[in-house]
Engineer: 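Below you'll find the structure I mean.
When reading the values below, keep in mind they use all heavy atoms of this one structure, side chains included, and skip hydrogens, waters and symmetry mates.
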Amino acid sequence: MLDVRCVPAFDDNYIWLPGLPGSRRVAIVDPGDAAPVLERLARDGLEPAAILITHHHGDHTGGIGDLTERYDIPVYGPARERIAGLTHPVSDGDTVTLDELGLEFTVLETPGHTRGHVCYFGHGALFCGDTLFTAGCGRLFEGTPQQMHASLSRIAALPEATLLYCAHEYTAANLRFALVVEPDNADIQLRRDEVARRRARHEPTVPAPLLQELKTNPFLRSADPAVIQAAERFAGHPLADGAAVFAVVRGWKDSLD
Ligand code: ZN
Ligand code: FE
């Protein structure tokens with residue numbers, strides 16, 4: 001298994017530090033800011049061995065420069081995006097082998113939020129950046145609804161126990177929207193209450209297992225009759241397929257944000 005430390009950054013970002021249990025060496029996933037990472041490395045006596053980047057946005061890449069000035073470590077990230085400091089461009093199906101860490105990840109290209117967004121899958125975890133959020137998904141800044149629907153479908157096909165480490169704490173707001181789409185879904189109601197309790201204690205609600213997402217995340221539920229019905233009611237006409245349902249639900253949430 002994996003030991004994953006959580007470093008909060010900015011208002012609602014999470015920078016993840018995966019490593020093997022008991023090891024002092026970690027990778028750094030999406031360091032948007034170097035300062036909180038350096039603080040945590042010092043506090044816990046950790047040595048970074050690699051940086052993994054999911055996409056080019058500044059809140060995921062802003063700390064690369066300061067960290068690589070301090071540490072001579074490789075920086076993996078999407079080959080399709082221009083990211084300063086990248087040393088190891090990766091594409092779909094690539095294996096990232098981090099020998100010093102004893103970790104290995106498979107790269108999944110998941111376009112939608114950005115054109116070249118990648119996720120890293122391994123050791124029962126998926127580092128999914130801004131593609132899938134707990135109970136939600138990223139905005140479509142560069143990709144089409146069809147692309148994002150295909151990307152989320154690939155994530156949905158991973159083992160159900162996979163822990164999803166997304167890059168933002170958005171769960172509570174996402175669940176409010178999930179209940180607009182499916183007001184009668186008991187799993188969403190339960191999750192809303194659990195998330196409210198955890199947030200009241202200032203605890204992260206990330207990661208979450210894929211199984212829970214399949215039951216409560218409207219963006220993974222485009223084939224569910226209740227979601228199809230709600231989307232068709234919102235659109236005012238029948239929808240041809242899962243991608244069309246996804247597109248309507250994504251647009252619906254955008255119209256409320
Ligand atoms: Zn982003
Ligand atoms: Fe982000």
Side-chain angles (χ1 to χ4, degrees), residues 2-90 96-105 107 110 113-123 125-134 138-139 141-142 163-170 202-207:
L2 212 53
D3 199 351
V4 186
R5 288 175 169 84
C6 176
V7 179
F10 308 118
D11 286 339
D12 52 37
N13 280 71
Y14 290 137
I15 300 165
W16 300 107
L17 309 181
L20 284 179
S23 168
R24 293 198 163 284
R25 316 216 79 178
V26 292
I28 307 170
V29 182
D30 282 352
D33 189 5
V37 175
L38 291 169
E39 211 170 283
R40 185 61 178 273
L41 294 173
R43 193 180 96 196
D44 290 1
L46 301 171
E47 264 303 300
I51 293 174
L52 304 179
I53 300 292
T54 62
H55 67 293
H56 67 83
H57 287 158
D59 63 313
H60 301 252
T61 58
I64 296 174
D66 283 352
L67 288 167
T68 52
E69 217 167 272
R70 268 293 245 279
Y71 301 100
D72 183 21
I73 54 177
V75 182
Y76 297 83
R80 284 177 199 278
E81 298 190 351
R82 195 168 306 152
I83 297 169
L86 217 68
T87 60
H88 291 60
V90 296
V96 173
T97 304
L98 306 172
D99 282 327
E100 288 175 88
L101 291 169
L103 299 181
E104 196 166 273
F105 294 102
V107 175
T110 56
H113 179 67
T114 61
R115 217 183 328 274
H117 194 298
V118 298
C119 300
Y120 299 91
F121 176 62
H123 308 271
L126 182 77
F127 295 93
C128 50
D130 290 357
T131 293
L132 179 140
F133 291 129
T134 38
R139 282 175 176 270
F141 287 123
E142 297 173 12
L163 290 176
L164 304 170
Y165 291 86
C166 59
H168 292 270
E169 177 64 59
Y170 290 157
H202 306 285
E203 291 170 12
T205 65
V206 187

Engineer: Could you give the distance from CD1 (I73) to NE2 (H88), rounded to the nearest 0.5 Å?
Structural biologist: 11.5 Å
Engineer: What's the shortest heavy-atom distance between G22 and D3, and which atoms?
Structural biologist: N-OD2, 4.5 Å
Engineer: Report the residue from V118, L164, V4 that forms a side chain to side chain contact (heavy atoms under 4.5 Å, CB included) with F127.
Structural biologist: V4
Engineer: For the residue pair C166 and T134, what are the closest heavy atoms and their distance?
Structural biologist: SG-N, 3.6 Å
Engineer: Please report the interatomic distance NE2(H56) to CG(L86), rounded to the nearest 0.5 Å.
Structural biologist: 12.5 Å
Engineer: Under a 3.5 Å distance rule, please check whether W16 uses its side chain to pair with a backbone N or O of A27 as donor and acceptor.
Structural biologist: no
Engineer: Under 30°, 30 to 60°, or over 60°: which ring-plane class applies to H123 and F105, parallel, tilted or perpendicular?
Structural biologist: perpendicular
Engineer: According to the side-chain hydrogen bond (donor to acceptor under 3.5 Å, both in side chains) rule, which pairs have a member within residues 68-79, sequence neighbours left out?
Structural biologist: none
Engineer: L17 vs V7, test: side-chain contact (heavy atoms from CB on, under 4.5 Å). Steps then yes/no.
Structural biologist: CA-CA 8 Å; L17 309 181; V7 179; 3.8 Å; yes
Engineer: Among I53, I51, L52, N13, which residue satisfies the side chain to side chain contact (heavy atoms under 4.5 Å, CB included) criterion with D30?
Structural biologist: I53
Engineer: Checking E81 side chain against H55 main chain: does a donor-acceptor pair fall under 3.5 Å?
Structural biologist: no
Engineer: Shortest non-hydrogen contact from I64 to G85?
Structural biologist: CG2-CA, 4.3 Å
Engineer: Would one find more than 12 heavy atoms of other residues, nucleotides or ligands at under 6.0 Å from atom CD of E203?
Structural biologist: yes
Engineer: What's the verdict on side-chain contact (heavy atoms from CB on, under 4.5 Å) for L103 and L20, showing C-alpha distance, side-chain angles and the deciding distance?
Structural biologist: CA-CA 8 Å; L103 299 181; L20 284 179; 3.7 Å; yes
Engineer: List in chain and number order the residues that pass side chain to side chain donor-acceptor pair (under 3.5 Å) with T131, two or more places apart in sequence or in another chain; answer none if no residue qualifies.
Structural biologist: T110, H117
Engineer: Should the ring pair Y170 and H168 be called parallel, tilted or perpendicular, given that the plane angle runs from 0 to 90° and is split at 30 and 60?
Structural biologist: parallel
Engineer: Taking atom OG1 of T61 and atom CG of D33, what is their separation to the nearest 0.5 Å?
Structural biologist: 11.0 Å
Engineer: Could you tell me whether a side-chain N or O of E142 sits under 3.5 Å from a main-chain N or O of R115, the two making a donor and an acceptor?
Structural biologist: yes
Engineer: Ignoring hydrogens, what is the shortest heavy-atom contact between C6 and Y14? Give both atom names and the distance.
Structural biologist: SG-CD2, 3.4 Å
Engineer: Could you give the distance from CD (E169) to OG1 (T205), rounded to the nearest 0.5 Å?
Structural biologist: 3.5 Å
Engineer: Can you pull out every salt bridge (Lys or Arg N to Asp or Glu O under 4.0 Å) where at least one residue sits in residues 44-63? Sequence neighbours excluded, please.
Structural biologist: R5-D44, R25-E47, R40-D44
Engineer: Are L126 and Y120 packed together at the side-chain level, in the sense that at least one heavy-atom pair is separated by less than 4.5 angstrom?
Structural biologist: no
Engineer: Nearest 0.5 angstrom please: H57 NE2 to I83 CD1, how far?
Structural biologist: 10.0 Å
Engineer: Are T54 and D130 packed together at the side-chain level, in the sense that at least one heavy-atom pair is separated by less than 4.5 angstrom?
Structural biologist: no
Engineer: Return the minimal non-hydrogen interatomic distance between A34 and D66, and the atom names on each side.
Structural biologist: CB-CB, 3.5 Å
